[in-house]
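All remarks here apply to the structure that follows.
Because the structure is predicted, anything quoted here is derived from the model rather than measured. As a basis for the values below, the full set of heavy atoms in this structure was taken, side chains included, without hydrogen atoms, waters or symmetry mates.
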Amino acid sequence: MMTKTVIIGSNHAGIAAANTLLDKFENQEVVLIEKTDHISYLSCGTALWVGRQIEEFDGLFYTDSEEFKAKGATIHMSTDVTDVDYANKTVHCVSADGTEWDESYDKLVLATGSLPIAPKVPGHDLKNIQFMKKFYEGQQIDHLLDQDEVKTVAVIGAGYIGVEIAEAAKRRGKNVLLFDAAERSLPNYYDKWFTDDMDKNLADNGIELHLGELVEEYRGTEKVEAVVTAKGVYEVDVVINAIGFRPNSELGKDHLEKFVNGAYLVDRHQQTSDADVYAVGDCATVYSNALQDTAYIALASNAVRTGLVAGENIGGNKIESPGVQGSNGITIFDLHMVSTGYSVQSAPRFGLDVKYTDIEDTQKPAFMKDNDNVKTRIVYDAKTRRIVGAQMSSTTSEIGMAIHMFSLAIAKQVTIDELALLDLFFLPHYNQPYNYINKAAAAAE
């Protein structure tokens, strides 16, 4: 007997669910419904393309509709789902040409992602105020930066996306002003010990920082001409809004149970409060191993994993999500920063009582060339001593692999004491005989 699964949204989470059903299971009918005219856009690469660190955007699309059609899936592109009738198990579709129809389902996967936060400050509807998430938004920003008359760009929000697009605009030769209500950049993932380095890095590379400044107004006639905060009025030609995102969970209406922030509340199978409806990616919750509870962590890596889990369960393989740590990283003007779990500053907001241990040391023995300093902070539960977070920064990209170990440590509830004597290999090309990770753990209170 065929099972018909309708998947709404075809970015990372939706594609992972579709591929799992089509590649691993028989008797699966898959219908993908996508609002835009493309699928599988790696939006995390937008800043690389806009900043010309990569020449073309083609590689940011890792699959296409033809590939899914070849596997037997039905795909409706440029189609909006305006309503879901959960009682009768149908979704109401409207295509770009105005055609309307109802699509029935046995199982429904909501992969609707997230929407940019758009404060309704005065002047928010002026031209040249851009968001940065979808492919066409990246195209619009790229087109604006091509214009000679665009000389000054304001980026609103100093999180990951804001910092990345600020670097990209600077690489395109623009004057860049970076605003955030917080007193430092990247406050959600890193403590001040790390963000002080990033703030200096940004300033040293010509980004004009306006941290601790909440944008109160945009001014202009047709196009934006100035950004207004309590501290001043700044003339700009373009504004890129990167304040953050909220779950796109409108289709759930009052039928599906939701988390405190509006995301669909799902179990470890990605199942919602309706047994025939699954939610994956940015529109859904995850299980945090650091918190040992439900959380909301919107990352592409999490989206893929949740899609895989939903696909397995719909196909009949009843597996549970192993949970996530929220591992992430960023590289800006050759400064690499990676983190996982919770920082010292963020931990109390989630009810965690933590301690931490810091170390700053060279990656390799002193006699080696191309030797970089590495800063490491390990965050651990004050009572159980299990590791709940880690942060690292360096000008060496080799730290990218080290954070994976900390991610696994959180998942497996490794204590800070167990890490002190963990067997880490030594070779001068890579590290020191007694690794800085061991040293940091050994120095813990």
Margin query: If you count heavy atoms of other groups shown closer than 6.0 angstrom to NZ of Lys318, is the number above 12?
Written below: yes

Item checked: Asp146 atom CG, neighbour heavy-atom count above 12 within 6.0 Å -> yes

Notebook entry, point to check: Considering all heavy atoms of both residues, which atom of Ile129 and which atom of Gly123 are nearest to each other, and what is their separation?
Noted result: CD1-O, 3.4 Å

Note to self: Show the nearest heavy-atom pair for residues Leu186 and Tyr160, with the distance to one decimal.
What the structure shows: CD2-CD1, 3.4 Å

Test salt bridge (Lys or Arg N to Asp or Glu O under 4.0 Å) applied to [X] - qualifying residues, sequence neighbours left out:
X: Asp196; value: Lys192
X: Arg219; value: Glu217
X: Arg385; value: Asp417

Check: Honestly, is Lys71 close enough over Phe68, meaning NZ or CZ under 6.0 Å from the six-membered ring centre and within 45° of the axis?
Finding: yes

Check: Can a donor-acceptor pair be found between the side chains of Ser185 and Asp199 at a distance below 3.5 Å?
Finding: yes

Any sub-3.5 Å donor-acceptor pair from [X]'s side-chain atoms to [Y]'s backbone N or O?
X: Asp237; Y: Lys151; answer: yes
X: Ser249; Y: Gly252; answer: no
X: Ser288; Y: Thr294; answer: no

